[in-house]
Amino acid sequence: MPQTPEYSNKVNTAIEATQAKNGMTSKNVNNLQKLLKYYPENKNLKVDGLYGGNTIKAVNSFYEQRKVERLSEMHGEKYIMQSEMQGMKESKKGSAKEY
């Protein structure tokens with residue numbers, strides 16, 4: 001996955017272009033899909049100009065990765081691991097109550 005801030009900014013700009021008024025054009029979507037294909041989890045993403053389910057998943061994955069990168073920059077790896085462990089504990093508590 002490209003980890004440079006410049007590349008992330010390009011992807012973010014391409015996403016914003018598709019979300020702008022009258023921005024959901026095949027040209028804008030093609031540009032976005034081409035940028036997203038550089039991420040390993042999106043290597044099979046079709047560049048077809050259609051903002052379909054696979055493109056939506058790729059965009060969501062991009063934003064999730066950026067969120068983790070930002071947390072890591074702000075708080076470090078230890079904070080993220082502690083946060084994940086806390087979330088798992090709370091998830092187990094919640095699922096036990098459902099039964």
Side-chain angles (χ1 to χ4, degrees):
M1 176 178 286
Q3 295 289 331
T4 65
E6 294 82 14
Y7 194 85
S8 290
N9 288 337
K10 282 184 180 183
V11 175
N12 194 54
T13 300
I15 293 169
E16 289 174 356
T18 65
Q19 303 305 309
K21 185 176 181 181
N22 301 321
M24 195 64 73
T25 63
S26 62
K27 180 182 176 183
N28 285 344
V29 176
N30 271 330
N31 184 39
L32 172 62
Q33 290 169 329
K34 286 176 187 176
L35 290 167
L36 290 169
K37 280 186 69 78
Y38 282 99
Y39 293 88
E41 64 270 17
N42 302 328
K43 67 181 177 185
N44 295 323
L45 180 66
K46 273 189 182 178
V47 178
D48 58 9
L50 302 174
Y51 204 97
N54 290 331
T55 302
I56 292 169
K57 287 179 189 175
V59 168
N60 289 339
S61 175
F62 169 76
Y63 278 128
E64 184 63 31
Q65 182 60 34
R66 281 192 75 191
K67 183 172 78 173
V68 169
E69 288 171 7
R70 286 184 188 155
L71 283 174
S72 181
E73 289 170 7
M74 291 171 52
H75 304 289
E77 287 289 322
K78 186 176 179 180
Y79 171 82
I80 294 172
M81 294 301 292
Q82 289 172 342
S83 178
E84 289 290 321
M85 294 299 290
Q86 184 63 32
M88 290 171 59
K89 287 177 186 176
E90 290 173 7
S91 176
K92 286 181 181 180
K93 287 179 185 177
S95 63
K97 293 177 184 177
E98 293 175 11
Y99 294 108

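Separation of atoms CD (Glu6) and CG (Asn9) is listed at 7.0 Å; rounding is to 0.5 Å.
Val59 and Leu50 sit in two unconnected hydrophobic clusters of ILVMFWY residues. Membership requires side-chain heavy atoms under 4.5 Å apart, directly or through other members. Note on Leu35 and Tyr63: same hydrophobic cluster, where clusters join Ile, Leu, Val, Met, Phe, Trp and Tyr whose side-chain heavy atoms are under 4.5 Å apart, directly or indirectly. Both Leu45 and Ile56 are members of a single hydrophobic cluster when ILVMFWY side chains are connected at heavy-atom separations under 4.5 Å.
A 6.0 Å sphere centred on NZ of Lys10 holds no more than 12 heavy atoms belonging to other residues, nucleotides or ligands.
Scanning all heavy atoms of the two residues, the minimum distance from Ser61 to Glu41 falls at OG-OE2, 3.1 Å. Among all heavy-atom pairs drawn from Asn30 and Gly49, the shortest one is OD1-N, 3.0 Å. For the residue pair Gln33 and Thr55, the shortest heavy atom distance occurs at NE2-OG1, 2.9 Å. Residues Asn44 and Lys37 come closest through the heavy atom pair C-NZ, 4.3 Å. The heavy-atom pair separating Ser8 from Phe62 by the smallest distance is O-CZ, 3.5 Å.
Side chain to side chain, Glu16 and Asn12 meet the donor-acceptor criterion of an N or O pair below 3.5 Å.
Under the side chain to side chain contact (heavy atoms under 4.5 Å, CB included) criterion, Lys46 pairs with Asp48, sequence neighbours left out. With sequence neighbours excluded, the residues that form a side chain to side chain contact (heavy atoms under 4.5 Å, CB included) with Thr25 are Lys27, Asn28.
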Side chain to side chain contact (heavy atoms under 4.5 Å, CB included) between Val11 and Leu36, intermediate numbers included:
CA-CA 7 Å; Val11 175; Leu36 290 169; 3.8 Å; yes

Return a table of donor-acceptor pairs under 3.5 angstrom between the side chains of residues 17-24 and protein atoms on other chains or two or more places apart.
from  : atom 1 : to    : atom 2 : distance (Å)
Thr18 : OG1    : Ile15 : O      : 2.7
Gln19 : NE2    : Tyr51 : OH     : 3.4

